[in-house]
Amino acid sequence: MVAETVTDPELPTLTLADLGVLRNVRVEDGTVVVEITPTYSGCPAMGVMRADLVRALHRAGFPEVDVRTVLAPAWSTDWISEEGRRKLAASGIAPPGRAPVRTPGPVPLQLGPSRRTAACPLCGSPDTVEQSEFGATACKALRRCRACGEPFEHVKEI
Amino acid sequence: MGHEETVYDALDHAHGGEGQWAFGTGFDEPLAGVDTTVPDGVDPADLGAYCLMLGDDALVLAQRLTEWVTASPELEEEVAVANIALDLLGQARLLLARAGSVGVLGRSRARATASIPDEDALAYFRDPDEFRNTGLVAAPNGDFGRTMVRLLVAATVRLAVLAELRRSRDPVLAAIAAKGVNEVAYHRDHAARWVLRLGDGTPESHRRVQAGAVEVWPLLADVFSPTDVEHRLTAAGVAVDPSTVRGEVVEVLTAVLGQATLQVPEWPAGTVPRGRLGEHGPELTELLGTLQGLARQHPAATW
């Protein structure tokens, strides 16, 4: 319960549980074992997440805490909860659609413009355009709404 | 939990108020809690050497890409290049940590102080002849067109290798590869769209990106040449023999350049491995001077 309240350092309205980063919490021989998984390989927030978890559990009266990294299966935006998606939209960030299905073998080339869509989180219009597949954090793309003209961020499907 | 205090308070709390090494992080072992047992029948030295190959490719290309930060043609592109570099840096960290986990540290551990994590010791305290990247990723950027051609070529090779490596018998490598595939697919397609836009753009952009391709293609000469380490690990089901991805790479690059109205330069004849055996030109020394200079001047710095 304590671990589930810890928030993401870069998306502070979402908890690590909302994001699907928190994979498992259990007690082994008096030690709280927390498993987390990185969103992207280079996610710079992992160190802060780990430290925030340790501190929150220490404060809640659990002196022995072991935060472990789990690499497989790889994190997917499909793991963001419904509650997480609602919170993202409420803070002006378009939630992701379905992640691409990865099959064994070669990854097909995507030369055309991205087929991703996202409704504007500000006015609700579906008429939006992608400006860049890469945004202010590793997990977000930049889009602009043609209806209200506002730019917004979109958690891109992975 | 709110952030009524700064994130640094939590980091400080986690380490009992001890200072952190200034150049790495020191507070976040990338493989903490991951089972790093070496699979049966695999020589740990080979496994570590292979992790250095894939890790150094990512580290060196990340460093080259960050040279575009503050110098990109548009703000969105600066953000994109920095994001791609960050993904690669993350892959490098995991792979160098995996090398460290099996004790492959070369001369770096003797030079780095004890508080410096293995992956940082490997990144900052090895000399050029201990790096195992190919020359493809170490070559200078050139102009933006050439940078995008090189990124396209390097990402196409890496994506093909990582896609196969998802089946590695080493579960750590397989997991790193599975995450990497999701990321590098974005990198390759981003670079491909730029090559398309520049190749099928103005006469000047076409001329420049074509010239970039002519400069980049010869760097493929040793990219598909396996080392003895890769031979042994491929036989053990752990690694991917790079010669087996050549067909896919040729197919993808031919498709992109064709659609970009660019001529595919002559494919170079295969040579023996060079970068993978530590043979590098002066460009890697120059790159590492920038990457490592501060850490080597202040090896015990903390914050």
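We use all heavy atoms of the structure for the numbers below, so side chains are in, but hydrogens, waters and symmetry mates are not. Below, chains carry the letters A, B, ... as their sequence lines are ordered, and counting in each starts from 1.
When all heavy atoms of Pro30(B) and Thr69(A) are compared, the closest pair comes out as O-CG2, 3.8 Å. Pairing each heavy atom of Trp75(A) with each of Asn182(B), the nearest pair is O-ND2, 4.4 Å. The nearest pair of heavy atoms linking Arg193(B) to Leu111(A) is CG-O, 3.5 Å. Closest approach of Ala185(B) and Arg102(A) over heavy atoms only: CB-NH2, 3.7 Å. Listed here is the closest heavy atom pair of Pro108(A) and Asp189(B): O-OD2, 4.5 Å.
Between chain A and the residues Ala62(B), Ala192(B), Ala80(B), Pro171(B), the largest count of heavy-atom pairs under 4.5 Å involves Ala80(B). Across Ala99(A), Ser132(A), Gly135(A), the residue that shares the most heavy-atom pairs under 4.5 angstrom with chain B is Gly135(A). With chain A as the partner, the residue from Leu89(B), Leu196(B), Val256(B) showing the most heavy-atom pairs under 4.5 Å is Val256(B). For the options Asn83(B), Val81(B), Val79(B), heavy-atom pairs under 4.5 Å to chain A are most numerous at Asn83(B).
Between the side chain of Lys179(B) and the backbone N or O of Pro73(A), no donor-acceptor pair lies under 3.5 Å. With hydrogens and angles ignored, the 3.5 Å screen pairs no side-chain donor or acceptor of Arg93(B) with any backbone N or O of Ser41(A).
Proximity to chain B is limited to the backbone of Pro104(A), based on heavy atoms less than 4.5 angstrom apart. For Glu77(B), no part lies near chain A; criterion is any non-hydrogen pair under 4.5 Å. Only the side chain of Glu248(B) comes within contact range of chain A, with at least one heavy atom under 4.5 Å from a heavy atom of that chain. For Thr15(A), no part sits under 4.5 Å from any heavy atom of chain B, backbone or side chain. For a residue to count as touching a neighbouring chain, one of its non-hydrogen atoms must lie under 4.5 Å from one of that chain's; by this rule Thr13(A) does not touch chain B.
Rounding to the nearest 0.5 angstrom, the gap separating the CG atom in Asp35(B) from the CG atom in Leu71(A) is 11.5 Å. Between the CG atom in Leu109(A) and the CD atom in Glu251(B) there is a gap of 9.5 Å [rounded to 0.5 Å].
In this structure the side chain of Arg68(A) never reaches within 4.5 angstrom of the side chain of Val34(B), judged on heavy atoms. The shortest side-chain heavy-atom distance between Arg188(B) and Gln110(A) does not fall under the 4.5 Å cut-off.
Below 30°, between 30° and 60°, or above 60°: for His187(B) and Phe134(A) the angle between ring planes is between 30° and 60°, a tilted geometry.
Heavy-atom neighbours of Arg26(A) CZ from other residues, nucleotides or ligands within 6.0 Å: above the threshold of 12.
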